[in-house]
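Worth saying up front: this structure is predicted, and the values here are computed from it rather than measured.
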Amino acid sequence: MTHKATVSAITDAPSLSDRLWTVQDVSVYLGVPVETLYRWRKHRTGPPAARVGRHLRYDPADVRAWVRAQVA
């Protein structure tokens, strides 16, 4: 891969703020274990998540909105 192609691949990649979060990302953000997120999903509590193939993904804006709603 040439230097130009490498730079293009990096700049075309979504930034951390644009991408969906993994279960691990949300776990770190909320400070709860991954198992808690899976339990919340099973009981239909917690922040909304979407299934992408076999994986759960979270929209950061939805996670932040869910946190704000917990305080209210």
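- Across every non-hydrogen atom of Pro33 and Ser27, the tightest pair is C-OG, 3.8 Å.
- Between the CG atom of Leu56 and the OH atom of Tyr38 there is a distance of 5.5 Å, given to the nearest 0.5 Å.
- The structure places OG1 of Thr45 at 9.0 Å from CZ of Arg39, a figure rounded to the nearest 0.5 Å.
- Arg41 places a side-chain N or O within 3.5 Å of a backbone atom of Ala49 that can act as its donor or acceptor partner.
- Linking Ile, Leu, Val, Met, Phe, Trp and Tyr residues whenever their side-chain heavy atoms come within less than 4.5 Å places Val34 and Tyr29 in a single cluster.
- Here the shortest heavy-atom pairing between Leu20 and Asp25 reads O-OD2, 4.5 Å.
- Looking at every heavy atom in both residues, Pro47 comes nearest to Leu30 through CG-CD1, 4.3 Å.
- Of the possible donor and acceptor atoms, one in the side chain of Trp66 sits under 3.5 Å from a partner among the backbone N and O of Gly46.
- A donor-acceptor pair under 3.5 Å links the side-chain atoms of Arg51 to the main chain of Arg54, judged by distance alone.
- When hydrophobic clusters are built by joining Ile, Leu, Val, Met, Phe, Trp and Tyr residues whose side-chain heavy atoms come closer than 4.5 Å, directly or via intermediates, Val32 is not grouped with Val28.
- Atom CD of residue Gln24 and atom CG of residue Leu37 lie 9.0 Å apart, to the nearest 0.5 angstrom.
- Rounding to the nearest 0.5 angstrom, the gap separating the NE2 atom in His55 from the OG1 atom in Thr22 is 10.5 Å.
- Placement of Tyr58 and Val67 within a single hydrophobic cluster is found when ILVMFWY residues are connected by side-chain heavy-atom separations under 4.5 Å, directly or transitively.
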